[in-house]
Chemist: 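Pasting a structure below so you can have a look.
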Amino acid sequence: MARSTTLHPPSSALPGSDFARLSRKIADAGLMGRRPGYYALRITVVAGLYVGGWATVELIGDSWWTLTVAAFLAVVFGQVALLAHDAAHRQVFRRRRASEVSGRIAGAGIGMSYGWWQDKHTRHHANPNHEELDPDLDPDLLVWSQDQARVATGLPRLIGRWQAFLFFPLLTLEGFNLHVSSVKALANRSLKHRALDGVLLFANFALYLTVLFWLLPLGMAIAFLAVHQCLFGVYLGSLFAPNHKGMPILKGEDRPDFLRRQVLTSRNVRGGRLTDIALGGLNHQIEHHLFPSMPSPNLRRARTIVRRYCEDLGVDYVETGLITSYRLALTSLHQAGAPLRRTRVSA
């Protein structure tokens, strides 16, 4: 499982290649430089909102108004997850040690195994939207292509028929799935620092549940947990759904060069600074996949260079609005499940 521990493009991009020439343009523009001031401010704000949210739970106490705080903390948890993402890509710190420490702290704050997620995300970046190689296309609950639908069994076969309609309701389980997958990953002995991940993970669970059931009555604590985790899952899933779903899926020996592999399988989402904040810069997905260690506030400036370069090469550069990106993702899911609608699916 833990086959790689870095989230950087492969060194196979040879001098003079399309990617190498683009990389020089990006470097000459100074867009790979660290942004310590930006990240110091962002970390301070998110940490303050995190602590403030839990302090507000204690302040409000035995009141159903705490459910509004649960919704607020769902967004804050999503922002913490985005910080863990940036740290893992070494966008925040150049050195690996500092990146891992900060990433593990952020991961622990939301109940996620940093080592498990980092390995999974590394493999995704190496082969985005590749049916056999991208772990994000594993048909563990949904089917992502008609080929997967034809051989689906169990839940994917049952759900796949109408998965486009069930996608957003199923995202309410994504927060819980993050925790469960993190715990299951601890059984994998190849996972680096799994003991540390385990300690941080179960410490988070213990503290989270203790705070809830100490401050709130039983029924209210359960309602808080449900609202918080379900909305966290929806936010988390909504961050990543627009990026690749509905874009071309690679199979078998489909291995375009690095630039085309990243650009043709990714989709950007148009928007202003608020979109950048809400999506953590992942709305500039093409630039992020080409330059994973580029600090997220630089991605907007890189977009102009990358888009023009792709136009010169004749490489499709896809960018849509947020709502359109969700529509395309859901349309793709519905098309993927078509073979299951043409056959009788037994319960």
Side-chain angles (χ1 to χ4, degrees), residues 7 38-39 41-54 69-93 98-125 135-136 168 170-185 197 200-201 203-205 207-208 225 227-245 269 274-285 288-289 292-297 299 322:
L7 298 175
Y38 165 84
Y39 277 109
L41 176 61
R42 181 174 163 189
I43 291 170
T44 300
V45 170
V46 173
L49 294 175
Y50 186 97
V51 173
W54 287 112
V69 186
F72 167 77
L73 280 172
V75 176
V76 174
F77 268 46
Q79 288 294 315
V80 174
L82 288 169
L83 280 174
H85 170 270
D86 286 11
H89 281 294
R90 295 200 212 171
Q91 295 178 19
V92 185
F93 303 102
S99 298
E100 287 190 356
V101 169
S102 59
R104 286 186 190 282
I105 291 172
I110 59 174
M112 179 185 76
S113 166
Y114 176 80
W116 159 76
W117 176 84
Q118 187 189 42
D119 170 73
K120 178 175 178 287
H121 198 60
T122 296
R123 290 185 284 129
H124 158 71
H125 264 265
D136 288 353
F168 280 103
L170 285 172
L171 286 184
T172 59
L173 303 177
E174 186 58 29
F176 297 104
N177 179 58
L178 183 74
H179 307 318
V180 171
S181 297
S182 294
V183 172
K184 288 171 63 177
D197 271 6
L200 293 174
L201 199 58
N204 169 276
F205 296 159
L207 185 60
Y208 180 91
L225 186 151
V227 170
H228 178 224
Q229 293 296 327
C230 288
L231 291 182
F232 171 47
V234 172
Y235 183 33
L236 203 60
S238 298
L239 290 174
F240 292 97
N243 303 336
H244 302 283
K245 307 313 178 194
V269 174
L274 287 178
T275 304
D276 287 357
I277 294 172
L279 300 185
L282 296 181
N283 45 310
H284 305 291
Q285 188 68 194
H288 170 59
H289 260 259
S293 61
M294 179 185 291
S296 59
L299 293 170
L322 183 62

Chemist: Return yes if a side-chain donor-acceptor contact under 3.5 Å exists between H289 and H244, otherwise no.
Modeler: yes
Chemist: With ring centroids as reference points, do H125 and H288 lie under 6.0 angstrom apart?
Modeler: yes
Chemist: For a quick test of reading the model, state the closest non-hydrogen atom pair linking A84 to G103 and the distance between them.
Modeler: CB-O, 4.2 Å
Chemist: Can you list the steps and then say if F205 with H179 is a side chain to side chain contact (heavy atoms under 4.5 Å, CB included)?
Modeler: CA-CA 9 Å; F205 296 159; H179 307 318; 3.9 Å; yes
Chemist: Answer yes or no: is there a donor N or O on one side and an acceptor on the other, between the side chain of Q285 and the main chain of L282, under 3.5 Å?
Modeler: yes
Chemist: Please report the closest heavy-atom contact between G53 and F72, naming both atoms and the distance.
Modeler: CA-CE2, 4.0 Å
Chemist: What's the separation between atom CZ in F240 and atom OH in Y235, rounded to the nearest 0.5 Å?
Modeler: 10.0 Å
Chemist: Quick one: which of L239, L274, N243 gives a side-chain contact (heavy atoms from CB on, under 4.5 Å) with L279?
Modeler: L239
Chemist: For the residue pair S113 and L201, what are the closest heavy atoms and their distance?
Modeler: N-CD1, 3.9 Å
Chemist: Hey, what's the ring geometry for F77 with H228, parallel, tilted or perpendicular (30° and 60° as the breaks)?
Modeler: perpendicular
Chemist: Show your working on side chain to side chain contact (heavy atoms under 4.5 Å, CB included) between T275 and L322 and close with a plain yes or no.
Modeler: CA-CA 9 Å; T275 304; L322 183 62; 6.0 Å; no
Chemist: Output the distance between atom NE2 (H124) and atom NE2 (H121), rounded to the nearest 0.5 Å.
Modeler: 5.5 Å
Chemist: Describe, in one word, how the ring planes of H89 and W117 are oriented to each other, choosing from parallel (under 30°), tilted (30 to 60°) and perpendicular (over 60°).
Modeler: perpendicular
Chemist: Considering all heavy atoms of both residues, which atom of V269 and which atom of P242 are nearest to each other, and what is their separation?
Modeler: CG2-CB, 3.8 Å
Chemist: When you measure from the side chain of D276 to the backbone N and O of G281, does any donor-acceptor pair fall under 3.5 Å?
Modeler: no
Chemist: Using a strict cut-off of less than 4.0 Å between a Lys/Arg side-chain nitrogen and an Asp/Glu carboxylate oxygen, indicate whether K120 and D136 qualify as a salt bridge.
Modeler: yes
Chemist: State, to 0.1 Å, how close A108 and N204 come at their nearest heavy-atom pair, and which atoms those are.
Modeler: O-ND2, 2.7 Å
Chemist: For Y208 and Q229, which I'm curious about, is there any donor-acceptor pair between the side chains at under 3.5 Å?
Modeler: yes
Chemist: Measuring from atom CD of Q91 to atom CG of L299, what distance do you get when rounded to the nearest 0.5 angstrom?
Modeler: 6.5 Å
Chemist: Hydrogens and angles aside, do E100 and Y114 bring a side-chain donor and acceptor to less than 3.5 Å of each other?
Modeler: no
Chemist: Could you give the distance from CG (D86) to CE (M294), rounded to the nearest 0.5 Å?
Modeler: 12.5 Å
Chemist: Just how far is it from atom CG of L49 to atom OG1 of T44, taken to the nearest 0.5 Å?
Modeler: 10.5 Å
Chemist: About how many Å separate OG of S102 and OH of Y39, when rounded to the nearest 0.5 Å?
Modeler: 10.5 Å
Chemist: With respect to T172, which candidate in V234, V227, L231 satisfies the side-chain contact (heavy atoms from CB on, under 4.5 Å) definition?
Modeler: V234
Chemist: Mind listing the closest non-hydrogen atom pair of F232 and A74 along with its distance?
Modeler: N-CB, 3.4 Å
